[in-house]
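For reference, the structure is listed below as structure tokens.
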Amino acid sequence: MDDFDFIAVGYYIYKGTIDTNFKRFIQENIKGKNVGLFITLGARADSEHAAKALKDGKKLLEDGQNSVIREFISQGVISQKFIDEIRVAALKTSNKKHYKITSSREARWKEAALHPDTNDIINTKTAFRGIL
């Protein structure tokens with residue numbers, strides 16, 4: 001990584017946070033760089049959850065003395081495995097409110113299954129155009 005002035009990094013949000021392996025990779029390998037950050041998650045890109053996920057990613061990078069010069073959020077698919085885990089938890093847990101399967105949650109899962117789409121790819125390219 002030492003040979004690069006700019007690095008674009010992206011990751012998906014897993015169970016509400018940065019994937020552990022990717023977090024470790026950033027902490028160990030990306031220091032003192034100009035960075036473009038992009039994330040994908042099952043929630044809508046304009047959601048409060050997405051904004052928090054991006055903020056957490058920026059902090060992680062800035063803690064390594066990196067400068068985040070571009071950022072982008074894209075809605076992505078939610079893995080069927082994760083959806084199945086939520087369904088099982090809804091049946092087993094006493095925390096029914098957190099795991100409740102509602103019609104709006106089902107609709108969000110269906111919407112996420114359509115992403116990333118052509119517009120997401122175009123928007124990602126646009127977000128990072130002109131950096132180099």
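Only heavy atoms go into these numbers, but all of them, side chains included; no hydrogens, no water, no symmetry mates.
- Note that OG of Ser67 is 10.0 Å distant from CG of Leu61, once rounded to the nearest 0.5 Å.
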Determine, step by step, whether Leu37 and Arg70 satisfy the side chain to side chain contact (heavy atoms under 4.5 Å, CB included) criterion, reporting the C-alpha distance in whole Å, the side-chain angles of both residues, the deciding distance to 0.1 Å, and the verdict.
CA-CA 6 Å; Leu37 171 63; Arg70 296 279 172 92; over 6 Å; no
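- Side chain of Gln75 to backbone of Gly42: a donor-acceptor contact under 3.5 angstrom is found.
- Within a 6.0 Å sphere centred on CG of Asp5, heavy atoms belonging to other residues, nucleotides or ligands number 12 at most.
- Here the side chains of Phe25 and Ile30 are in contact, with some heavy-atom distance below 4.5 Å.
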Check the pair Lys23, Thr17 against side chain to side chain contact (heavy atoms under 4.5 Å, CB included), reporting the backbone distance first and the verdict last.
CA-CA 10 Å; Lys23 185 175 183 178; Thr17 191; over 6 Å; no
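- Residues forming a ring pair (Phe, Tyr, Trp, His ring centres under 6.0 Å) with Phe72 (at least two apart in sequence, or on another chain): none.
- Summarising the geometry of Ile101 relative to Ala90, their closest heavy-atom pair is CG1-CB, 4.0 Å, with the distance given to 0.1 Å.
- Around CD of Glu48, the count of heavy atoms belonging to other residues, nucleotides or ligands within 6.0 Å does not exceed 12.
- No single ILVMFWY cluster, assembled from side-chain heavy atoms under 4.5 Å apart, contains both Leu114 and Ile83.
- Tyr11 contributes atom OH, which lies 3.5 Å from atom CD1 of Ile18 (distance to the nearest 0.5 angstrom).
- Separating the CG atom in Asp19 from the CD1 atom in Ile13 is a distance of 9.0 Å, to the nearest 0.5 Å.
- Looking at Asn34, its side chain never comes within 3.5 Å of a backbone N or O of Phe6 through a donor-acceptor pair.
- Between Lys110 atom NZ and Ile78 atom CD1 the span is 13.0 Å, to the nearest 0.5 Å.
- Environment of CZ in Arg44: sparse, with no more than 12 heavy atoms of neighbouring residues, nucleotides or ligands closer than 6.0 Å.
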Might you work through the side chain to side chain contact (heavy atoms under 4.5 Å, CB included) test for Val35 and Ile69, ending with a clear yes or no?
CA-CA 6 Å; Val35 179; Ile69 61 173; over 6 Å; no
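- Side chain of Lys31 to main chain of Gln65: no donor-acceptor pair is present (N/O by atom type, distance under 3.5 Å, no hydrogens or angles).
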Lys55 and Lys58: CA distance, side-chain angles, deciding distance, side chain to side chain contact (heavy atoms under 4.5 Å, CB included) verdict:
CA-CA 5 Å; Lys55 181 180 174 183; Lys58 284 179 68 172; 5.8 Å; no
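- Both Val68 and Ile73 sit in one connected hydrophobic cluster of ILVMFWY residues. Membership requires side-chain heavy atoms under 4.5 Å apart, directly or through other members.
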Show me, pair by pair, the donor-acceptor contacts under 3.5 angstrom made by side chains of residues 122-132, not counting sequence neighbours?
unit_1: Asn123; atom_1: ND2; unit_2: Asn119; atom_2: O; d: 3.1
unit_1: Thr124; atom_1: OG1; unit_2: Asp120; atom_2: O; d: 2.8
unit_1: Thr126; atom_1: OG1; unit_2: Ile122; atom_2: O; d: 2.9

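- Within the 3.5 Å criterion, the main-chain N or O of Lys100 finds a donor-acceptor partner in the side chain of Arg105.
- Between Ala50 and Ala45, the shortest heavy-atom contact is CB-O, 3.4 Å.
- To the nearest 0.5 angstrom, Ser47 atom OG is 8.5 Å from Arg108 atom CZ.
- Separation of atoms CH2 (Trp109) and CZ (Arg87) is listed at 4.5 Å; rounding is to 0.5 Å.
- With 3.5 Å as the limit, one finds no donor-acceptor pair spanning the side chains of Glu62 and Asn66.
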